[in-house]
Number of protein chains: 2
Amino acid sequence: MADTLCYVGNKEPFEYTLAVISGKWKLKIIYLLACMGTVRYGVIKRNIDGITHKMLSSQLKELENESIIERREYPQVPPKVEYSLTPKGKSLLPLVQEMCAWGEKQSRVELME
Amino acid sequence: MADTLCYVGNKEPFEYTLAVISGKWKLKIIYLLACMGTVRYGVIKRNIDGITHKMLSSQLKELENESIIERREYPQVPPKVEYSLTPKGKSLLPLVQEMCAWGEKQSRVELME
DNA sequence: CCGTATCCCAAGTGATACTG
DNA sequence: CAGTATCACTTGGGATACGG
């Protein structure tokens, strides 16, 4: 089963991905940006149920540090900041799609039982 | 960008997957079982760095409740318990593979920069 | 509007011991 | 060996206020 999966003595690829996407809200943020493209801070906040100001800020900053998302600030008053996926972030789209596909499949399976 | 991803008013598939795989150690456990097949409790513990007895127990139980893994107990002394992926768990393999592939790709990208 | 700092509580987690 | 219970503690993260 394992031959194409297990990197003997080299679990880094999997661990690396895990490190990037783990974080209470990161995948949700990535998913949202994948769906909505370029969006303002407030829009993200309103679309992620239950997230607090503090958590959104910190998660966005971490994703930015990992070059998954891009932060664009407009020099105006009141401030306007938009976030979007970087190329690296967009390269996560297959993963996101796989997650969607799996979730869909499961709901179909449940219906059949 | 969004057409194949965004389920307007229906984020359930993504959220459902998220619910299943989120948990501090779940993906690591799934990955390990994907690599090693059927393994005993103690082997899992020894192969996941930093996990405690309590955490491993609770995460295994949750994954079992979600039908991702199967628990098989042998009626002997001392006890022997083996865990493995269920069909539902195995259906997560593409996701795990995608995570591995992405991690690999990133390490190559970094080398080129 | 967006970001950060501070305070503070409680859920989550570790250590330990006990049971089957 | 595998699992559970208890207790104590750490720390994630919520509420709030202030700053740019």
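Chain A is the first sequence line, chain B the second, and so forth, proteins listed ahead of strands; every chain is numbered from 1. Just so it is clear, the values below take in all heavy atoms, side chains as well, and ignore hydrogens, waters and symmetry mates.
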Counting only side-chain nitrogens and oxygens, does [X] get under 4.0 Å of the OP1 or OP2 atom of [N]?
X       : N     : answer
B/Arg40 : D/dA2 : yes
A/Arg71 : C/dC2 : no
A/Tyr83 : C/dG3 : yes

How many angstroms lie between CD1 in B/Ile21 and CD1 in A/Ile21, if you round to the nearest 0.5 Å? 6.0 Å
Which of the following nucleotides, C/dG3, D/dC1, D/dT4, is nearest to the side chain of B/Pro79? D/dC1
Per B/Tyr41 side chain, nearest of listed nucleotides D/dG3, D/dC1, C/dC1: D/dG3
Please give, in whole Å, the distance from [N] [atom2] to [X] [atom1]?
X       : N      : atom1 : atom2 : value
B/Leu56 : D/dA2  : CG    : C1'   : 10 Å
A/Tyr74 : C/dG3  : OH    : C1'   : 18 Å
A/Glu82 : C/dC1  : CD    : C1'   : 13 Å
A/Lys45 : C/dC1  : NZ    : P     : 12 Å
A/Leu60 : D/dG13 : CG    : C1'   : 16 Å
B/Lys61 : C/dG12 : NZ    : P     : 16 Å
A/Gln76 : C/dG3  : CD    : P     : 13 Å
B/Asn65 : D/dG3  : CG    : P     : 13 Å

Between A/Ser57 and A/Pro78, the residue closer to the 5' end of DNA chain C by nearest nucleotide is A/Pro78
Looking only at heavy atoms, the pair that brings A/Leu63 and A/Val20 closest together is CD2-O, 4.5 Å
Which pair of non-hydrogen atoms, one from B/Pro13 and one from A/Cys100, has the smallest distance, and what is that distance? CB-O, 3.5 Å
Output, in order, the C-alpha distance, side-chain angles, deciding distance and verdict of side-chain hydrogen bond (donor to acceptor under 3.5 Å, both in side chains) for B/Glu82 and B/Tyr74. CA-CA 8 Å; B/Glu82 287 182 336; B/Tyr74 296 84; 2.9 Å; yes
Should B/Val109 and A/Lys88 be marked as a side chain to side chain contact (heavy atoms under 4.5 Å, CB included) after you check the CA-CA gap, both sets of side-chain angles, and the distance that decides it? CA-CA 10 Å; B/Val109 169; A/Lys88 181 175 178 180; over 6 Å; no
After noting the C-alpha distance and the side-chain angles of B/Lys26 and B/Glu66, does the key distance pass the salt bridge (Lys or Arg N to Asp or Glu O under 4.0 Å) rule? CA-CA 11 Å; B/Lys26 288 188 183 173; B/Glu66 289 151 348; 3.4 Å; yes
Test B/Tyr41 against every option in B/Lys80, B/Arg71, B/His53 by the side chain to side chain contact (heavy atoms under 4.5 Å, CB included) rule and name the one that passes. B/His53
Protein-nucleotides 14-17 of chain C N/O pairs under 3.5 Å:
residue, atom, partner, partner atom, Å
C/dG14, OP2, B/Thr52, OG1, 2.8
C/dG14, O6, B/Lys54, NZ, 2.4

